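Sequence lines set the chain letters: A, B, ... in the order given, protein chains first and strands last, and positions in each chain run from 1. These numbers were taken from a predicted model, which means no experiment stands behind them.
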There are 2 protein chains.
Amino acid sequence: MRVTIADVARIAGVSKTTVSRVLNTRGEVDHATRAHVREVIERLGYVPSSGAVGLARGSSRTVGMLVPSLTWPWMGEVLQGVVDTVEEAGFGLLLFTCNRGTDSVARFTSQVSARAFDGLVAVEPEDTLAMLAALHRRGLPVVLIDDRGRHPEFPHVTAANREGGAAAARHLLSLERHRPLVVAGPLRFGCVRDRLDGFGGVYAEDGHPLDPALVVESDFTEAGGGAAVRRLLGEGRTFDAVFAHNDLAAIGALAALRAAGLRVPEDVAVIGFDDIPMAGLTHPALTTVHQPMRKMGETAARMLLAQLTGEGLSGSSVALPTSVVVRQSTVGF
Amino acid sequence: MRVTIADVARIAGVSKTTVSRVLNTRGEVDHATRAHVREVIERLGYVPSSGAVGLARGSSRTVGMLVPSLTWPWMGEVLQGVVDTVEEAGFGLLLFTCNRGTDSVARFTSQVSARAFDGLVAVEPEDTLAMLAALHRRGLPVVLIDDRGRHPEFPHVTAANREGGAAAARHLLSLERHRPLVVAGPLRFGCVRDRLDGFGGVYAEDGHPLDPALVVESDFTEAGGGAAVRRLLGEGRTFDAVFAHNDLAAIGALAALRAAGLRVPEDVAVIGFDDIPMAGLTHPALTTVHQPMRKMGETAARMLLAQLTGEGLSGSSVALPTSVVVRQSTVGF
DNA sequence: CTGAAAGCGCTTACAG
DNA sequence: CTGAAAGCGCTTACAG
């Protein structure tokens, strides 16, 4: 049925060893022999069994990817970046999620022991950071994509959050907005503190230190962003801009401002963070700090592959630059 | 280093055969023996090597998934449905994309020959339908998730497009909208024709046959949806509703109507199709025909798994019911 | 109920 | 430059 290396060897009149050698372009093989074997391989449409190769070689040429959820707005971009890079290198990508609690985590770790993949790209592990650290200590190459700004003992890629916050501040200042409301994410996240620092630092330097009453913690959701704005307005606070720590919260803020009869951006300019696909489709379209999600995926994958193939001293971590995407929610028409 | 079945056998004082038997709960094993072996497995933290099992058994307990792109708005839901189902069954999920042309297709087909996975879930193959058909003919179990409404020779799951179109019509009619504009998708797609038929059928039955001038072909994009509305308005056409064949086009229509000074839903009600995540976040929030993307993923995965494990006569195809999600773009406040 | 042995399809020293 | 043989870690008739 299936064409095996033995078939190729027999038909080409050489040993399996020789076929293997031309397959892996390792060791010296006579030019004519190589050409002939190649021809037979081609003719038979022979492709080595990945299972057998993996078993014999002790590695699967497969990368694992663990994500908490596949339906988050920016996950598609990350995934695309990882898949493209991994495929390019001739590796496979085994996908796992850990959204069903202990159960899925257990299932996942057993896959690790099963040597189903050689290394792992993990995205923002919720409660699994300790587990990943343990796997890494036991020898599994791991690269983390972490928007939360934690800094584990193994390589990770993140966005330049502080710089992103600073850029948002500079953009608002260039529009003469001196009294911004900050709808922050959960303060336990390192990325949130970084965005806050970068933003506040620029305002302070410019002689407009943030009003502490205008820095509120929220939860990265649309509902949370809306609620924060409504609450502040209800307290009679005034502000001429909103810096939301992610786009969903910014979209919630947009709706709340509109409901309160405020015009965006005339009365209040709004800037988000992430640049998820729907940021360009809101009304008004949302100005935001772009996180290079796809590039983060590509980078993480490349770091992992470098580790697996032994080239390059991967070790280090990376923070990718962000950029402000200007749309109508800050500059009008 | 690695714990193998031989280690377990040695320490438990039994043969590898016996260990294998308790592992696979097949064949009769003495109760006490079984318990003892189980205990040793537990203690050693033994997990069978997936590669070796695959080689010996001739199957990998892995499912392949081929998608054209990971960044489409509804892809995350489909993927989540597939992954959940596949993981639940103890299978792995190998992810492939075919967005880089012939190159990635070639890479993918060689993975098929490599027996890296036992069966395939494919999403809306752009130009790869023929290739998939060939693989299927050669014996690869394939299930297609196809929103385009093609009906290949192998099992596929789709949404009930005709019924969805009819439901949209009934909803608009219940709101006394008798003169709808239809912003259709590309007419070469079966799903588009089905949505059109269902929609037009209900209107005709109700004594309000569609005005052919108000049925325009578009391209499923936001820009296309906006352009269609602008063009019709420019021609001086009047309509009291828009049925867009997907949400992106509906979002474009929303913006074009607003730009023209028309109120939604007072002057023109708008209904889309898909129910992508951002449908609930537009202003006004978009009424739309919900396609059960996650469920489509789950169903396709289940059909494939049934085929792989030999249970159930999978053969047939499935059309999953849609439902109208009513939001402000048709009913106001 | 249990085990020895062959086999899955490769790779890799080792020897020539 | 080339090949015979062992080995990767399992499963599965076959025999008892």
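Screening residues 42-55 of chain A for salt bridge (charged side-chain N to carboxylate O under 4.0 Å, His left out) gives A:Glu39-A:Arg43 as the qualifying pairs, with residues at least two apart or on separate chains.
Checking side-chain atoms of B:Asn161 against main-chain N and O of B:Ala159 turns up a donor-acceptor pair under 3.5 Å.
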For each nucleotide in nucleotides 8-16 of chain D, reading 5' to 3', give B when a protein heavy atom comes within less than 4.0 Å of its base, S when such contact involves only the sugar-phosphate, and - otherwise.
BBBSBB---
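With sequence neighbours excluded, the residues satisfying side-chain contact (heavy atoms from CB on, under 4.5 Å) with A:Glu77 are A:Met293, A:Arg294, B:Thr71. Partners of A:Ala6 according to the side-chain contact (heavy atoms from CB on, under 4.5 Å) rule, which considers only residues two or more places apart in sequence or in another chain, are A:Thr4, A:Lys16. For A:Asp30, there are no salt bridge (Lys or Arg N to Asp or Glu O under 4.0 Å) partners two or more places apart in sequence or in a different chain. Annotation: side-chain hydrogen bond (donor to acceptor under 3.5 Å, both in side chains) contacts of A:Ser60 (sequence neighbours excluded): A:Asp118. Residues that satisfy the side-chain contact (heavy atoms from CB on, under 4.5 Å) test with B:Arg61, not counting sequence neighbours, are B:Arg57, B:Phe91. Not counting sequence neighbours, the partners of A:Ser20 by the side-chain hydrogen bond (donor to acceptor under 3.5 Å, both in side chains) test are A:Asn24. B:Thr62 pairs by the side-chain hydrogen bond (donor to acceptor under 3.5 Å, both in side chains) definition with nothing, not counting sequence neighbours. Every salt bridge (Lys or Arg N to Asp or Glu O under 4.0 Å) that A:Arg137 has, sequence neighbours left out, goes to A:Glu153.
Using a 4.0 Å cutoff on non-hydrogen atoms, the parts of residues 8-15 of chain A near DNA chain D are A:Val14, A:Ser15, ordered by number.
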Under the 3.5 Å Watson-Crick or G-U criterion, the dot-bracket string of DNA chain C, with | for inter-strand pairs
|||.||||||||.|||
